Amino acid sequence: MKNYDFKAIEKKWQARWEKEKPFRAVDFHPTKPKFYVLYEFPNISGSLHMGHLKGTIPADALARYKRLNGFNVLFPIGGDSFGLPAENAATKTGINPRTFVENGAKTIFSQFKQLGLSFDWDRTFNTSDENFYKWTQWIFLQLFKNGKAYKKKGVVNFCPNCQTVLSNEDSQGGKCDRCGGDVRQEERWVWFLKMKEYSEKLLENVDRIQMAENLKEAQRNWIGKSEGMQVRFDVFNDKDEKIGKLEIFTTCIETIYGITFVVLAPENELVDTFKVHIKNFAEVEAYREKTALRSEFDRMSDQKEKTGCKLDGLYVVNPLNNQKAPLYLADFVLATYGTGAVMAVPSGDQRDYDFAKKFNIPIIPVMDGDISEHAIEKKEYLAKNLKMVNSAEFDGMPVREAKQKIAQKVVSMGVGERKVNYKMQDWSFNRQRFWGEPFPIVFCDHCGTVALDEKDLPLVLPETNDYMPNAKGDSPLSKVEDWVNCKCPKCGRPARRETDTMPNWAGSSWYWLRYVDPHNDNALADFEKLKYWGSVDVYTGGTEHITRHVLYSFFWQNFLYEIGAVPTKDPFIRKMGSGLILDDQGKKMSKSSKNGVSPLEVIDKYGVDVARLHVHFLGGYEDNTPWTFDGITGITAFLDKVWALSDMIKGEAVSKEHIYELNRLIKKVSEDYENLKLNTIISSFMIFIKKIRDDGFITKEELRQFLILLNPLAPHITSEEYENVFGKNILEDSWPKYEEKYLVEDEISLPIQINGKLAKVITVSRTITQDALLSEIERQYPEIYSKVKQVKKVIYVPGRIVNIIL
RNA sequence: GCCGAAGUGGCGGAAUGGCAGACGCACGGGACUCAAAAUCCCGCGAGGGCAACUUCAUGUGGGUUCGACUCCCACCUUCGGCACCA
């Protein structure tokens, strides 16, 4: 046979798949069970990169594997096209974002076709398509109507460089997730989605989904559930008049007798409530202004150096021991968590300890430990179960017991109750940008905030050529006057549209549902079709934004389930995060990295099938793997040998020489496809080929089965070779079955250990009895025989190992 | 600081508690060739021995077990996530 001309043959098969569409998913297939494989849709920004190669191929292999196993597979693709790349292109070069997206999508999808990916191209869309974002807006309307979306003036993360509000998620560490610049705290109008309400449901989702433990932990930490107590303190002025109450949240109720002060967040509105009683209000105001100007980043960068301001003229009383405690403001207390107020126990919390030292506040020990240098914190005192001191009737009690007893006392006194708190905040959902979904909301002087009617969706983005925010930082849409000015849908009087747009995350928080029924004009997807396709069985993609993306997805699907729009609570059954391809510096390979290699370059030089195999022979799917061309010749040589198999055909049925290897191959390869362990699949194929070449022949049936097994990974070469030999399309064939009985060898080599160390390997019958085995060892290895005489104990695991203890 | 994952030849990496280093690369030797490339065969963790063999080896130190890369405890290192969350 001729040499394998990868360029011509790959082109031939890709053209055929394009024309014949063999990878279309069939709604309501009468016989085949469904299987939904999802690859996280790409951001429409640039060209194909190594991350795509690493991420798409396993999903494609799984989809192809499942099809050959008789499943009706849904394996769709689309474009995440709203967001920064198009917006940046618009502001920098003036190109229309819509044009940018059209070109970008064309490029990336044609490159995906070059990878031989078996997507169902009839279901493709971009999130910026009107008939897609119509339904994103529809979902927002439902959230709004059900009270899950609200607009509020709030202190938010604002990126001066990007001129937009960011969610907490987008501004971690005080840095803008997009541009990397410092984030400021600013007061603005913000749309929030009530995600916090869903904390418990999201935790259940996290428990149910099959996902790597580190990713699950990251999500649990993000939600940040913590169980403690909320306790009420009476507040007094300097005339000892009771003027109100404040509540604190604590997870360390056992330290309550050690309170020497109470701290409010600077933003806490109680400061305004008690304003008239505060003697140094000017000073207090100055402190509040100072902290408001500091970015989150500044606040964190000098964690050690506590700042604060006393509220002169106010004090609180500890309800358990009636001790007075002064009140402070300090920015180490966050307004957004708990009640925005804490009881400070310097002996049991290092932050309180540092603050007390700086402001000369007394430190009262509540446990029998040394606090001369630093506080004894919860982790330590619970581990050591220290005894209580200075805690009234609880003195001498071990702290773990006191924790329960004090909690009971607080409850029975009626001054507090058990309470659960979450770190996760409501999702800030608006951006001052052009290239996003417009909110289907208008503001009417008469009717207030009014939702558009569903029949008026989509609310289409207007055309403009000015993509910059105005001087006040309002969205570019605010400049499009004839779009902004409209009629109130309720009363018909003049009104103005919401000019902010939704964040990039909006479309990606529900897009998998749309693939099920992408052309539906009456619903986000037909309910029966949603029922048929159910949850995504396997969802692959990068790990970069996985925590947020998965939590947002859980949130929306939970909500849609509650309003009866979808039949399932879980968006995904199993989520796998692909590792990175690293450059030779050990850094993520990207366009900006010096040593970046494009997959197109590899394809051009070696062919797609080689590229597909090589990337995954380098390492596991979830591992980060350094890229190298080293070893690619091994893959090329392997595929050459696969191609040469058709010259070695001798005989028809499976031969007795190969029956064991073939059955073992089927078993191993099948298991590894299920688990996306592509690297060990490839090595199994290599071992099998070695055996075939040693024997000098392969039968026709063996070749047929081999090509099917390899097809999901190397679809082009196997399709061509199969057609050459069998005159049919390999896709019409089905997955080979193995039989257990062929996997059992009669003769096995059994390791013999002496005192747990390997001594010999003996070839015996698989089912040999212990006595027969021992006499066989005596016969074959007399040097061990003498030892056998002093044998103490024999551990014999039939078929596995024998260990002789002397 | 907290949470999580991982540490195995020159390299990428394999190993349901049961023959550590599969498979591939690189390297060494040989065959073919005028020669080279390609291809094929053999070898390839380290130390010792002419050899059959033998000792030591999965980050470090302990432990459980007949038997540990695998399980437990402590520590070191790397990577990832979170970070004043009371």
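In what follows, every chain begins at residue 1, and chains take the letters A, B, ... in the order their sequences are listed. Bear in mind that the values here come from a model prediction, so they are computed numbers and not experimental data.
Residue order along RNA chain B, read from the 5' end via each residue's closest nucleotide, puts A/T628 first among A/V342 and A/T628. Each of A/L215 and A/S683 was matched to the nucleotide of RNA chain B holding its nearest heavy atom; the match closer to the 5' end belongs to A/L215.
Distance noted for atom P between B/G10 and B/U64: 32 Å (whole Å). Of the C1' atoms belonging to B/A83 and B/A74, the separation is 26 Å, rounded to the nearest Å. With C1' as the reference atom, B/G29 and B/C44 are 11 Å apart, rounded to whole Å. Taking atom C1' in both B/C32 and B/C79, one finds a spacing of 49 Å when rounded to whole Å. Separating the C1' atom of B/C41 from that of B/U77 is a span of 43 Å, rounded to the nearest Å. B/G43 and B/A26: their C1' atoms are spaced 14 Å apart (whole Å). B/C56 and B/A5: their P atoms are spaced 33 Å apart (whole Å). Rounded to a whole angstrom, the distance from the P atom of B/G49 to that of B/A38 is 37 Å.
Ranking B/A15, B/C66, B/C3 by closeness to the A/I795 side chain, first place goes to B/C66. The side chain of A/N624 lies closest to B/C79, out of B/U39, B/C79, B/A5. Taking the side chain of A/N221 as heavy atoms from C-beta on, and the options B/C25, B/C3, B/C19, the nearest nucleotide is B/C3. Listed nucleotides: B/C23, B/A86, B/G18. Nearest to the side chain of A/D349: B/A86. Looking at the side chain of A/T251, the nearest of the listed nucleotides B/G67, B/A86, B/G81 is B/A86. With B/C53, B/C23, B/A86 as the choices, the nucleotide that has an atom nearest any side-chain atom of A/F249 turns out to be B/A86. Side-chain atoms of A/F617 lie closest to B/G12 of the nucleotides B/G12, B/A26, B/C19. With B/G4, B/C66, B/G13 as the choices, the nucleotide that has an atom nearest any side-chain atom of A/I805 turns out to be B/C66. Closest to the side chain of A/T680, out of B/C2, B/G13, B/A15, is B/A15. With distances taken from any side-chain atom of A/L334 to the nucleotides B/U16, B/A86, B/C66, the minimum falls on B/A86.
Summarising the geometry, the separation between CE on A/M648 and P on B/U39 is reported as 16 Å, rounded to the nearest angstrom. One atom, CD1 of A/I546, and another, C1' of B/G4, lie 14 Å apart when rounded to the nearest Å. If you take CD1 of A/I248 and P of B/A86, they are 12 Å apart, rounded to a whole angstrom. For the pair A/H614 NE2 and B/C11 C1', the interatomic distance rounds to 12 Å; values are reported in whole Å. As a whole-Å value, the separation of A/Q770 CD from B/C66 P is 16 Å. Rounded to whole Å, the distance from CG on A/L618 to P on B/A26 is 14 Å. Atom CE of A/M424 and atom C1' of B/G81 are 17 Å apart (whole Å). Protein atom CZ of A/R800 is 19 Å distant from nucleotide atom P of B/C66, rounded to whole Å.
Phosphate contact (OP1/OP2 of B/A14, side-chain N/O of A/N679, threshold under 4.0 Å): present. Distances shorter than 4.0 Å separate some side-chain N or O of A/S226 from OP1 or OP2 on B/A86. The phosphate of B/A86 has neither OP1 nor OP2 within less than 4.0 Å of any side-chain N or O from A/K419. Contact check, A/R220 against B/G4: no side-chain N or O comes under 4.0 Å of OP1 or OP2. Contact annotation: A/K641 reaches the phosphate of B/C40 (side-chain N/O to OP1 or OP2, under 4.0 Å). Between A/K757 and B/C56 there is a side-chain polar atom (N or O) within less than 4.0 angstrom of OP1 or OP2.
Both distances falling under 3.5 Å, in either a Watson-Crick or a G-U wobble arrangement, place B/C75 opposite B/G59. The pairing partner recorded for B/C2 is B/G81, the criterion being a Watson-Crick or G-U wobble arrangement whose two distances lie under 3.5 angstrom. For B/G43, the paired base is B/C27 (Watson-Crick or G-U wobble, both distances below 3.5 Å). Pair assignment for B/U33: none, as no Watson-Crick or G-U wobble contacts are both less than 3.5 Å. Judged by Watson-Crick or G-U wobble contacts below 3.5 Å, the nucleotide B/A52 has no partner. With both pairing distances under 3.5 Å, B/A38 is matched to nothing as a Watson-Crick or G-U wobble pair. Base pairing annotation: B/G67 forms no Watson-Crick or G-U wobble pair, as no partner gives both donor-acceptor distances under 3.5 Å.
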**Asked** How far apart are the C-alpha atoms of A/R220 and A/E217, what are their side-chain angles, what is the distance that settles it, and do they pass the salt bridge (Lys or Arg N to Asp or Glu O under 4.0 Å) test?
**Response** CA-CA 5 Å; A/R220 292 193 189 102; A/E217 264 318 291; 2.8 Å; yes
**Message:** I'd like to know whether A/K225 forms a salt bridge (Lys or Arg N to Asp or Glu O under 4.0 Å) with A/E200, so could you lay out the CA-CA distance, the side-chain angles of the two residues, the decisive distance to 0.1 Å, and finally the verdict.
**Reply:** CA-CA 9 Å; A/K225 180 175 183 172; A/E200 279 305 317; 2.8 Å; yes
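Residue side chain A/E217 does not reach the base of B/G81 through any donor-acceptor N/O pair under 3.5 Å, judged by distance alone. No hydrogens or angles were tested; on distance alone, a donor-acceptor pair under 3.5 Å links the side chain of A/K306 to the base of B/C84. Interface remark: the A/N803 side chain does form a donor-acceptor pair with the B/C66 base, using a distance-only criterion of under 3.5 Å.
Heavy-atom minimum distance, A/M367 versus A/T255: CE-CG2, 4.0 Å.
Below 30°, between 30° and 60°, or above 60°: for A/W505 and A/H549 the angle between ring planes is below 30°, a parallel geometry. A parallel orientation is assigned to the rings of A/F355 and A/F261, their planes being inclined by less than 30° (bins at 30° and 60°). Using bins of under 30°, 30° to 60° and over 60° for the plane-to-plane angle, the ring pair A/F249/A/Y337 lands in the perpendicular bin.
No contact: A/T547 has no heavy atom under 4.0 Å from any strand. As judged by a 4.0 angstrom heavy-atom cut-off over every strand, A/K668 is placed among residues making no nucleic acid contact. In this structure, A/L758 reaches the sugar-phosphate backbone alone: every heavy-atom distance under 4.0 Å involves primed, P, OP1 or OP2 atoms, never a base.
Within the cation-pi definition used here (under 6.0 Å to the ring centroid, within 45° of the axis), A/K306 does not qualify as a partner of A/Y328. A cation-pi geometry, defined here as NZ or CZ lying under 6.0 Å from the six-membered ring centre and within 45° of its normal, does not hold between A/K196 and A/Y422.
Atom CG of A/N421 sits about 10.0 Å away from atom OG1 of A/T251, to the nearest 0.5 Å.
In this structure, B/G9 shows a glycosidic angle within 90 degrees of zero, which is the syn conformation.
Around NZ of A/K358, the count of heavy atoms belonging to other residues, nucleotides or ligands within 6.0 Å exceeds 12.
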